[in-house]
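First up is the structure itself, then whatever we jot down about it.
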Amino acid sequence: MPIIKVENLVKSYGNLTAVDGISFEVEEGTIFGFLGPNGAGKTTTINVLCTLISATSGKAFIDGFDCAKEPSKVRKSIGIVFQDTTLDKDLTAYENLVFHAYLYGVKKSEIKTRVHDALNFVELYERKDDLVKKYSGGMKRRLEVARGLIHRPRVLFLDEPTLGLDPQSRANLWGFITEMPKKHNVTIFMTTHYMEEAEVCDKIAIIDNGKIIVEGSPEELKKTVGGDVVSLRTRDNNWSRQEIKKMFGIDAEEKDGELYLTTGKGDACIPELIRGLGDMVLSVKLQRPTINDVFLKLTGKAIRVEDVSGMSNIKEEVRAYRRRH
Amino acid sequence: MEFNAIYVLVAREFKKFIRERSRLVSAIARPLIWLFLVGAGMSRLVSPAGGMSYTQFIFPGILGMTILFSSIFSSISIIWDKEFGFFREILAAPVSRLSIVIGKGLSGTVVSTIQAVIVLLLFPVLGLNLGLLQIIEVLIIAIALSFCISTFGILLATFYDSYESFSVIMNFIVMPMFFLSGAMYPVKLLPKPLAIATKLNPLTYGIDALKNAIFPVEEGPMSADFSLATDMAVILILSIAFVVIAARLFERKK
């Protein structure tokens, strides 16, 4: 049985349809990536799944519990790391986690061990008695991940976990995230608009304008935009092309003095190429399709990394809707 | 109701209260300024009947003021929590809205009662004579009034999302509440429109209850305006109403 099941979910604010009839399933113990540009409906979907807002229509289940009818049970089985920090900056890291443990009804006798384990996992144990306001952005995010695990959820939601982090903290955080399904027996549901981050997911769904436009493993999705491209410069392109045809049965294209061949497994064919062509080869380059290429192909546009004005319009509209109702 | 959540909300508030020395200092300085600067000055101008000094007369009012400010301040911190995101951590937890409101209400009650007790200890300095029974009575009233005002503050906090609204609340709600409460002058001496406004103010009944407890046998214009039973009934009914309405309003997110 899938741990998350969404059927025909719709969420609209007046005329604005933030989520437009999406359906998907997430298998237990996997990392599921929910991708799309800002304002595509990712956070709205998370908010429905976390029972923070109610859906206009459609159904959502987590661990078999109905998000609309059994919010309390759903809340107990999930952990959330929001886009913006939700830590109490005037408390220490340790106190923030203890607060969370009490809030989620963790048994008193277990609180200490769980908090210690969580702090150790994200390597913040040494700094546990520092006030959170002294933490860097990366440390805060790690602390929030640790907090999300305290009550042993079945699913951990990460909404843009690496947003605003420097590359080093980002890589560091990814280390913890990819370890989590095995180490903490938890399913990860994450959103991101950094396409390259989605590569670590077991399954990806790409959402645009409230609709899921494609779903599959990163490998499957990349296949839809063609395979890897190996480009090479040689001393004699004509001779090399004939040799390549003989070796792989592929016609290499020649562009600007370089040969391009498209293949399923680019990395595996490079050694063979070099063995076959010998010292005719001057240089070899491997280009692999990215999830960004998938998005580009399906929507005809690149993912907007920071479309601030568009986003604030949507937020404004949602706020206005809430005021009216 | 989740007692674990109520407990931890109170524990958090208490911890922060102890940690923020400046909050404690200013909370104690304010009543001192009123009692010894305003009170002492006004004593030269007005001399209440019954051999009471003006400073003595405003003592229940200043206790009420201490409770008003510290309770509202504690509850309004919800707006800070909203602004800095921490409130989402609370709202996303498997905890009923009723528990959150009661937890925050009790948080305000604890820190506000502590401050009221500190001010109460000044009574010998003002030449007042309070017996043990009266002190216990004042303590009970302080707890009930603190809870009432705290839950009223929570109700206010549900309407605001950013801390810019803090000065609006202070200037247009808290200060008028203080001046229209019978703290500085007896309600029965006020002109009719003001007297009506005063009767709609929950703080009036709290201060009146304190007057009942502190000046039990006083007669004349400076005496309490209502019976202690009326005061306590109003405070309790309003507390329940504030809790129920605030819990409802937290649900409204669409």
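In what follows, chains are A, B, ... by sequence order, proteins preceding strands, each numbered from 1.
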Is [X] in contact with chain B via its backbone, its side chain, both, or neither, using a 4.5 Å heavy-atom distance?
X: A:Lys89; value: side chain
X: A:Leu91; value: both
X: A:Glu144; value: neither

How long is the span from the [atom1] atom in [X] to the [atom2] atom in [Y], to the nearest 0.5 Å?
X: B:Phe84; Y: A:Thr85; atom1: CZ; atom2: OG1; value: 11.0 Å
X: B:Arg88; Y: A:Phe82; atom1: CZ; atom2: CZ; value: 4.0 Å
X: B:Phe86; Y: A:Asp90; atom1: CZ; atom2: CG; value: 10.5 Å
X: A:Tyr104; Y: B:Asn4; atom1: OH; atom2: CG; value: 12.0 Å

Looking at every non-hydrogen atom in both residues, tell me the closest pair between [X] and [Y] and how far apart they are.
X: B:Pro94; Y: A:Ser72; answer: CB-O, 3.8 Å
X: B:Ala93; Y: A:Arg75; answer: O-NH1, 2.8 Å
X: B:Val95; Y: A:Leu103; answer: CG2-O, 3.4 Å
X: B:Leu91; Y: A:Leu52; answer: O-CD2, 4.0 Å

Report task. Look at B:Arg19, B:Glu20, B:Glu2 and state which one has the largest set of heavy-atom pairs under 4.5 Å with chain A. Result ->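 Going by pairs under 4.5 Å, I would pick B:Arg19.
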
**Report entry** Among the listed options B:Ala92, B:Ala5, B:Gly103, B:Ser99, the residue most often paired with chain A at heavy-atom distances under 4.5 Å
**Finding:**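 The residue among B:Ala92, B:Ala5, B:Gly103, B:Ser99 with the greatest pair count is B:Ala92.
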
Report task. Show your working on side-chain contact (heavy atoms from CB on, under 4.5 Å) between B:Phe87 and A:Thr86 and close with a plain yes or no. Result -> CA-CA 7 Å; B:Phe87 208 60; A:Thr86 61; over 6 Å; no

Does any heavy atom of chain A fall under 4.5 Å from the side chain of [X], the backbone, both, or neither of them?
X: B:Tyr7; value: side chain
X: B:Glu89; value: both
X: B:Ile6; value: neither

Query - Electrostatic pair A:Asp88:B:Lys16 at N-O distance under 4.0 angstrom - result: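 A salt bridge is present here (some side-chain N lies under 4.0 Å from a carboxylate O).
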
Report task. Kindly indicate, with the supporting measurements, whether the criterion side-chain contact (heavy atoms from CB on, under 4.5 Å) is fulfilled by B:Val8 and A:His100. Result -> CA-CA 9 Å; B:Val8 82; A:His100 184 89; over 6 Å; no

